[in-house]
Amino acid sequence: MTDVIILGSTGSIGTQALDVIQRHPDRFRVVGLSAGGSQIARLAEQVAMVQPARVCLPTDESADELRKAVTHLGASVPAILTGETASADLARTGVDVVLNAITGYAGLEPTLATLAAGSVLALANKESLVVGGPLVMSAAAPGQIVPVDSEHSAFAQSLRSGTTGEVARFILTASGGPFRGRTREQLAHVRVEQALAHPTWDMGRVVTINSSTLVNKGLELIEAAILFGVAWDKIQVVVHPQSVVHSMVEFQDGSTIAQCSPPDMRLPIALGLSWPDRLDEVASPCDWTQARTWTFEPLDNVTFPAVELARTVGKTGGTVPTVFNAANEVCVDAFCAGNLGFLGIVDTVEAIVTRYIQGLDDDGSGDQPAVTLDHIRTADAWARQAATEAIGRNS
């Protein structure tokens, strides 16, 4: 029996993970859940369903709401941890597997806590590696991190066909989002509801907006380079609208190994929980009795410059990826609130990143060669303030 903690249980990844676990009750036991507090009714249903020993929430008020909701359902109320560090505290208790499905920068410290506790980290929080890459990788034992993003799970599966030294390129596939094929001019007046209408995947607000700007693919590029130790220029992004080929690895002899399945996040989630073993009947396979066409096309880097910006950010390293991520989180919130245009998201992020790098050059010191958690916190706070001020000046 594998004991599991799910961080971010009420989000898309968390709810699908619980579905996988419920289908395999002989394999998994949920001992802890954490959530942001915006969906207390859903969390209460999860508590009643899996009866975890511990739950964590950000505030005492949300904890009180949960107690009432769980009692109303006739279920036992678990121990409830509250506060900004509650998710990290829960992860620090040490279990077999911690699935980190928290969105954004907030997932970093729970990631570090999971690794310190010696648990396997099923990682859906790509920002952990983006902002704290060297810090996270130095804390991880070999094989301790199992990727849950579908693209990185595809890389991990494909790499079982050869060694890292035999790799020629990583082919990172992208659906292209809801605005594939449009020009930059056509995106000038995009509305929030249009950006949230992803053609393939059902995801949370931040990830969906990031997918529409291709920032998400930039974050995934950084994650892939750090997690698999691949050179930045050996990662190529290719647009694949059908989202069936989740990514590919090209080897030095010219062979390309692809991982294919209909778009369903339960498959990489299940592998994250059970790696390297595969579970039975997790998701539907491809139907080979029907005619299908899979297409691939180059990414339009003029209309969607976020990927190449991310590549530059990754190459620069240090705390620059932290600034990239933090500025983007602020810009996504501003766009959703109607305070920033769609094109302004990446434009503002690029301006903040450029300013930060210029500041490093101007003081003659360069970036910190060994990034610490304090460096990351300082850079994150600076970027959020700088982005907020830039949006205020331009609104």
Side-chain angles (χ1 to χ4, degrees), residues 1-9 13-14 17-18 20-21 24-35 50-57 78-149 152-153 155-157 159-160 164 223-224 226-229 268-279 370-374 376-377:
M1 183 70 71
T2 300
D3 285 346
V4 179
I5 286 172
I6 300 177
L7 307 179
S9 69
I13 297 296
L18 286 168
V20 169
I21 288 169
H24 299 85
D26 57 325
R27 291 289 303 267
F28 305 105
R29 177 172 53 216
V30 178
V31 298
L33 300 173
S34 86
V50 300
Q51 300 177 28
R54 298 181 181 89
V55 173
C56 60
L57 284 161
I80 303 177
L81 311 174
T82 60
E84 291 184 0
T85 66
S87 290
D89 293 339
L90 180 62
R92 201 171 284 114
T93 58
V95 293
D96 297 312
V97 179
V98 174
L99 171 61
N100 187 350
I102 295 171
T103 299
Y105 170 79
L108 174 59
E109 294 195 43
T111 281
L112 294 173
T114 298
L115 298 174
S119 304
V120 170
L121 173 64
L123 185 61
N125 173 254
K126 62 178 67 68
E127 293 86 353
S128 292
L129 279 173
V130 171
V131 305
L135 199 62
V136 170
M137 295 307 293
S138 65
Q144 191 178 2
I145 301 176
V146 181
V148 171
D149 275 344
H152 303 81
S153 179
F155 286 143
Q157 293 175 67
L159 283 171
R160 295 172 79 171
T164 302
E223 180 184 6
I226 293 170
L227 185 59
F228 297 104
I269 290 168
L271 278 167
L273 296 173
S274 65
W275 185 267
D277 301 327
R278 293 184 184 272
L279 303 176
V371 176
T372 68
L373 191 55
D374 283 343
I376 292 169
R377 289 169 175 156

Mind listing the closest non-hydrogen atom pair of Q157 and R278 along with its distance?
OE1-NH2, 2.9 Å
Here the gap from L123 atom CG to Q144 atom CD, rounded to the nearest 0.5 Å, amounts to 11.5 Å
What's the verdict on side-chain contact (heavy atoms from CB on, under 4.5 Å) for I6 and V50, showing C-alpha distance, side-chain angles and the deciding distance?
CA-CA 11 Å; I6 300 177; V50 300; over 6 Å; no
All heavy atoms of V148 vs all of G272, minimum pair found to be CG2-CA, 4.2 Å
Which heavy atom in T114 sits nearest to a heavy atom in V120, and how many Å separate them?
CG2-O, 4.1 Å
Decide yes or no for I269 and I13: does some side-chain heavy atom of the first lie under 4.5 Å from some side-chain heavy atom of the second?
yes
Side-chain touch I376/V371, heavy atoms, less than 4.5 angstrom:
yes
I want to check something: taking the side chain as every heavy atom from C-beta on, are E127 and I102 in contact at a cut-off of under 4.5 Å?
no
Could you tell me if the side chain of L279 sits less than 4.5 Å from the side chain of L273, heavy atoms only?
no
Please report the interatomic distance CZ(R54) to OG1(T93), rounded to the nearest 0.5 Å.
5.5 Å
How many angstroms lie between atom CD1 of I21 and atom CZ of R29, to the nearest 0.5 angstrom?
12.0 Å
Do side-chain atoms of E109 reach the backbone of T85 as a donor and acceptor pair under 3.5 angstrom?
no
Rounded to the nearest 0.5 Å, what's the gap from CD1 on I5 to CG on L99? Could you check?
10.5 Å
Given 3.5 Å as the limit, does a donor-acceptor pair link the side chain of D96 with the main chain of S119, or not?
no
Does any part of the side chain of S274, heavy atoms only, come nearer than 4.5 Å to the side chain of H24, both counted from C-beta?
no
May I ask you to test the V130-I226 pair for a side-chain heavy-atom distance under 4.5 Å?
no
Using distance alone, with no hydrogens and no angle criterion, decide if T111 and N100 have a side-chain donor and acceptor under 3.5 Å apart.
yes
Is the backbone of H152 close enough, under 3.5 Å, to the side chain of D149 for a donor and an acceptor to pair up by distance?
no
Straight-line distance of L135 CG to L108 CG, nearest 0.5 Å:
7.0 Å
Minimal heavy-atom distance between P147 and A156, with the atoms involved, is CG-CB, 4.2 Å
Derivation and outcome, side-chain contact (heavy atoms from CB on, under 4.5 Å), residues I145 and M137
CA-CA 9 Å; I145 301 176; M137 295 307 293; 4.1 Å; yes
Please report the shortest heavy-atom distance between A35 and L57, naming the atom on each side.
O-CD2, 3.6 Å
Considering only heavy atoms from C-beta outward, does the side chain of V136 approach that of L112 to under 4.5 Å?
yes
Closest contact, heavy atoms only, A53 versus P78
O-CB, 3.6 Å
Is the shortest heavy-atom distance from the side chain of C56 to the side chain of D89 under 4.5 Å?
no
